[in-house]
Number of protein chains: 2
Amino acid sequence: MANGARTRKKSADRRDELIRATLESIGEACSLDVTVGEIARRAGVSSALAHHYFGGKDDLFLAAMRSLLTAFRNDVVARLSEAETSRTRLSAIVCASFAPAQFAPNTVAAWTIFYAKAQSSPRYGRLLRVYVRRLRSNLQHELRGLPVAGDLEDAAEAIAAMIDGLYLRQGLQRAPAERERAIAITEKLIDGLLAHSPLDSGWRSRA
Amino acid sequence: MANGARTRKKSADRRDELIRATLESIGEACSLDVTVGEIARRAGVSSALAHHYFGGKDDLFLAAMRSLLTAFRNDVVARLSEAETSRTRLSAIVCASFAPAQFAPNTVAAWTIFYAKAQSSPRYGRLLRVYVRRLRSNLQHELRGLPVAGDLEDAAEAIAAMIDGLYLRQGLQRAPAERERAIAITEKLIDGLLAHSPLDSGWRSRA
DNA sequence: AAGTTTATTGACTAGTCAGTCAATCGTGCA
DNA sequence: TGCACGATTGACTGACTAGTCAATAAACTT
């Protein structure tokens, strides 16, 4: 409908657009050093509206981070519910971590920035620790159903670190198809962590 | 010597102080969003002097990053020359990565920031790729002297990712003694990557 | 239709910051 | 001693930005 420049939308829609624009901006700049004006322009609104909805720049950023976290969590939950064994549930977590949506360059950049920021800012830190704890809890829970060789907590930490490390390194290489490779490497790590790991681990990457 | 407020120093000294102050500032803020004035204040000089020596903010940041990279490289080279076998040289790389100086919170934060920035800025990217390539090359070279189970390049990538991942996650946990744990986890990964890995892998962490 | 609420913006402010420049001050050299 | 060069700075500016506010206009209520 040719409504022209002035369209009014529901509050939630505007919020979503602003958060999307925020993640885009942060992702492209690979830094939190982006202006509210730039974000608003991307969302097609005035900067005053961004302040109206989110209060301040920091609140907007935190909302964007929260959106990343919940998107990931929802994906994990959905995939977990579809898997039947502990081993395949581990694979589900891996798959979720490297899902195309999560693995997009801008998303990776945003995660990295938030990871860094979380180390100095309490507000960001609290948010990120929720994610870290939940992922650790999930990993440990599934590992408990498997014959882990060695310390279980270390195994969970190893998997989490491998995921984060591969995630972080994504974007530095030029080659595509890094996604499949990241999954393969992580799966191999998991198999290595399991005692008497059979060659066939039962995982299968999804296109 | 009570020289008072006005002391003149050699150019190189001032540069070092400014770079140190830059890394401190970036590390504390966990972001590149620090002012030249703040950095200069930390170094005990005027902001004009920082511009005098480095030209601009970006050049100062790049110099700081370069300093991180060469410090790490020097440490790796030193440790590599002391190790005798491929396996112990791998451990040397691990030890260097988690050396207390490299593992300090501020240093970790600075690395993380640079990692993120490297994905969008060509200048930062070039710099970081040098480090990534060299580390990869080192890892692959040592792995060639060992019975690797599976793809050698994937094994090198796995080790590198594990190091980066543990590195990134450092600072999120509250517990100390993460250093030893990070080393242990990485060593275990390496052993897992080697065919018929013996229980005693020959590495020994250094206090 | 009148009134209320809510979305939306342009214009403004107060503050910040990177980078410049001319002037000052040591230090070593002829 | 005098000179020249590098170190160092205070003061300044031009540009930019977060956040405010009052005004407008669409949508919703009754």
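Letters go in sequence order (proteins before strands), and every chain restarts at 1. The shown structure was predicted, so the numbers you read here are calculated from the model rather than taken from an experiment.
Listed by chain and number, the residues in a side-chain contact (heavy atoms from CB on, under 4.5 Å) with Ala40(A) are Val45(A), Ser47(A) (sequence neighbours excluded). Partners of Arg41(B) according to the side-chain contact (heavy atoms from CB on, under 4.5 Å) rule, which considers only residues two or more places apart in sequence or in another chain, are Glu38(B).
Among the nucleotides dG19(D), dT17(D), dG10(C), the one closest to any side-chain atom of Thr35(A) is dT17(D). Of the candidate nucleotides dA7(D), dT20(C), dT9(C), dT9(C) has the atom lying nearest to any side-chain atom of Leu49(A). Of the candidate nucleotides dG10(C), dA18(D), dG10(D), dA18(D) has the atom lying nearest to any side-chain atom of Val36(A). Nearest nucleotide to the side chain of His51(A), out of dG10(C), dG10(D), dG19(D): dG19(D).
Residues Asp58(B) and Tyr124(B) bring a donor and an acceptor atom of their side chains to less than 3.5 Å of each other. No hydrogens or angles considered: a donor-acceptor pair under 3.5 Å links the side chains of Ser91(A) and Arg87(A).
Regarding Arg15(A), its CZ atom lies at a distance of 13 Å from the P atom of dT6(C), rounded to whole Å. Rounded to whole angstrom, the span from the CD1 atom of Ile39(B) across to the P atom of dG19(C) amounts to 11 Å. One atom, CD of Glu38(B), and another, P of dG15(C), lie 20 Å apart when rounded to the nearest Å.
A heavy-atom distance below 4.0 Å to DNA chain D is reached by these residues of residues 52-60 of chain A, ordered by number: Gly56(A), Lys57(A). Contacts between residues 17-33 of chain B and DNA chain D, defined by a heavy-atom separation below 4.0 Å, involve no residue at all.
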Using atom types as modelled, flag every donor-acceptor pair under 3.5 Å from a side chain in residues 25-34 of chain B to any protein atom, sequence neighbours excluded.
unit_1: Ser25(B); atom_1: OG; unit_2: Ala21(B); atom_2: O; d: 3.0
unit_1: Ser25(B); atom_1: OG; unit_2: Arg42(B); atom_2: NE; d: 3.0
unit_1: Glu28(B); atom_1: OE1; unit_2: Arg42(B); atom_2: NH2; d: 3.1
unit_1: Glu28(B); atom_1: OE2; unit_2: Arg42(B); atom_2: NH1; d: 3.3
unit_1: Ser31(B); atom_1: OG; unit_2: Asp33(B); atom_2: N; d: 2.6

Donor-acceptor list for residues 103-112 of chain B side chains, cut-off 3.5 Å, not counting sequence neighbours:
unit_1: Thr107(B); atom_1: OG1; unit_2: Ala101(B); atom_2: O; d: 3.3
unit_1: Thr112(B); atom_1: OG1; unit_2: Val108(B); atom_2: O; d: 2.8

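Ser11(A) comes within 4.0 angstrom of sugar-phosphate atoms only, judged by non-hydrogen atoms across all strands, and of no base.
Nearest-nucleotide mapping onto DNA chain D: of Val34(A) and Ala48(A), the residue sitting toward the 5' end is Val34(A).
Between Arg14(B) and the phosphate of dA7(D), there is no side-chain N or O to OP1/OP2 separation shorter than 4.0 Å.
Side-chain contact between Leu139(B) and Ile93(B) is present, with at least one heavy-atom pair separated by less than 4.5 Å.
Looking at Ser121(B), its side chain never comes within 3.5 Å of a backbone N or O of Ala118(B) through a donor-acceptor pair.
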Carefully, step by step, assess Lys117(A) and Arg123(A) under the rule side-chain contact (heavy atoms from CB on, under 4.5 Å). CA-CA 9 Å; Lys117(A) 195 69 187 172; Arg123(A) 300 183 71 187; over 6 Å; no

